[in-house]
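This one's a predicted model, so the numbers in the text were calculated from it and none came from an experiment. Because only heavy atoms are used, hydrogens play no part in the values below, and waters and symmetry mates are left out as well, while side chains stay in.
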Amino acid sequence: VSQSRYVGGCKFCRSAGYNPSFEGHLYLLHNPTFDSYKLGISNVKARIRSHELRGWIVVSKWDFEDGRIPPLLEESLLKHVRTNWHLPWSVLAVDMPQGGHTETFSAIGLPEQKVLRLINSKIRSTKVE
């Protein structure tokens, strides 16, 4: 199976979108219009481009040779955002290029550095079994 068959996306957005057998990427985007952040995972770097065309700006991207790591990170990060920071999703599905609204959260009063510290902390502590 070639990597090009997988178009990216998290396990909740697309049933066949993310393949942990290939290298993976975790990314953090910001959209000033929605004043929101978006976490995402993908096997293909071009996925981010579709978000950029809709006004999302790349804050940072992390590449992992082990494709099992990005979905674990995404799940852990979103759980933290929802339960510890009490932030629901902040963008409607119709406003997202491939859905993905459930990975958004408000940037209002939430400094970028705080989000990056959380992500880097989770990266350091994530272990693949």
Side-chain angles (χ1 to χ4, degrees):
V1 177
S2 74
Q3 183 173 356
S4 62
R5 288 190 56 208
Y6 295 96
V7 294
C10 82
K11 66 182 180 180
F12 303 110
C13 299
R14 301 175 88 80
S15 59
Y18 186 84
N19 187 331
S21 301
F22 298 110
E23 79 173 20
H25 317 283
L26 173 75
Y27 54 86
L28 176 67
L29 308 177
H30 178 260
N31 187 305
T33 301
F34 298 122
D35 207 358
S36 293
Y37 294 111
K38 181 197 183 328
L39 281 167
I41 62 172
S42 180
N43 295 114
V44 292
K45 295 175 184 173
R47 181 166 178 83
I48 293 173
R49 183 70 184 136
S50 64
H51 291 292
E52 289 176 320
L53 293 170
R54 296 235 183 150
W56 292 89
I57 299 163
V58 177
V59 174
S60 196
K61 182 173 82 63
W62 298 264
D63 301 326
F64 299 90
E65 287 183 22
D66 186 338
R68 297 173 297 170
I69 296 172
L72 295 174
L73 285 168
E74 183 184 49
E75 185 176 352
S76 175
L77 289 162
L78 288 171
K79 182 177 180 182
H80 184 97
V81 165
R82 305 293 183 234
T83 59
N84 294 58
W85 294 351
H86 308 288
L87 295 173
W89 66 66
S90 56
V91 178
L92 298 175
V94 297
D95 294 318
M96 300 300 294
Q98 298 98 11
H101 66 289
T102 60
E103 292 93 27
T104 64
F105 53 100
S106 177
I108 298 171
L110 183 55
E112 185 178 288
Q113 288 306 315
K114 183 174 182 176
V115 180
L116 290 172
R117 275 194 307 273
L118 172 66
I119 293 169
N120 288 319
S121 171
K122 294 286 185 185
I123 288 171
R124 286 189 299 275
S125 66
T126 297
K127 306 285 186 249
V128 177
E129 310 269 325

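- For the pair Met96 and Lys38, the minimum side-chain heavy-atom distance is below 4.5 Å.
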Derivation of the side chain to side chain contact (heavy atoms under 4.5 Å, CB included) call for Leu116 and Ser60: CA-CA 8 Å; Leu116 290 172; Ser60 196; 4.0 Å; yes
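- Taking CG from Leu110 and CG from Leu87, the interatomic distance works out to 6.5 Å, rounded to the nearest 0.5 Å.
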Check against side chain to side chain contact (heavy atoms under 4.5 Å, CB included), Ile41 and Phe64: CA-CA 11 Å; Ile41 62 172; Phe64 299 90; over 6 Å; no
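- The backbone N or O of Leu72 sits nowhere less than 3.5 Å from a side-chain atom of Ser76 that would complete a donor-acceptor pair.
- Here the closest non-hydrogen pair linking Thr126 and Ile69 is CG2-CG2, 4.4 Å.
- The minimum heavy-atom distance linking Lys127 with Arg124 is given by the pair NZ-O, 3.6 Å.
- Every residue two or more places apart in sequence or in another chain that forms a side chain to side chain donor-acceptor pair (under 3.5 Å) with Ser90 is listed here: Ser36.
- In this pair, Trp89 and His101 present their aromatic rings perpendicular. The plane angle is above 60°, beyond the 30 to 60° band.
- Proximity of Leu28 to Leu77: side-chain heavy atoms (C-beta onward) are nowhere separated by under 4.5 Å.
- Classification of the Tyr37-Phe105 ring pair by plane angle, with boundaries at 30° and 60°, yields tilted.
- Between Val58 and Ile48 the shortest side-chain heavy-atom distance falls below 4.5 Å.
- Of all the heavy atoms in Gly100 and Thr104, the pair that sits closest is O-CG2, 3.8 Å.
- The shortest distance between side-chain heavy atoms of His30 and Glu112 does not fall below 4.5 Å.
- Put simply, CG on Asn43 and CG on Asn19 are 6.0 Å apart, with the number rounded to the nearest 0.5 Å.
- A 4.5 Å side-chain heavy-atom check between Ile119 and Leu39 finds at least one atom pair inside the cut-off.
- Smallest separation of non-hydrogen atoms from Pro70 and Gly24: CG-C, 3.7 Å.
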Ile123 and Trp62: CA distance, side-chain angles, deciding distance, side chain to side chain contact (heavy atoms under 4.5 Å, CB included) verdict: CA-CA 9 Å; Ile123 288 171; Trp62 298 264; 3.4 Å; yes
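- Taking the six-membered ring where tryptophan is involved, the planes of His51 and Tyr27 are tilted, since the angle between them lies from 30° to 60°.
- His25 and Asp63 get closest at one heavy-atom pair: ND1-OD1, 2.7 Å.
- Put simply, CZ on Arg47 and NZ on Lys61 are 13.5 Å apart, with the number rounded to the nearest 0.5 Å.
- Separating the CD1 atom in Ile57 from the CD atom in Glu52 is a distance of 9.0 Å, to the nearest 0.5 Å.
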Criterion side chain to side chain contact (heavy atoms under 4.5 Å, CB included) on Tyr18 and Glu74, from CA distance to verdict: CA-CA 12 Å; Tyr18 186 84; Glu74 183 184 49; over 6 Å; no
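- Of all heavy-atom pairs spanning Asn31 and Thr33, the tightest one is OD1-N, 2.8 Å.
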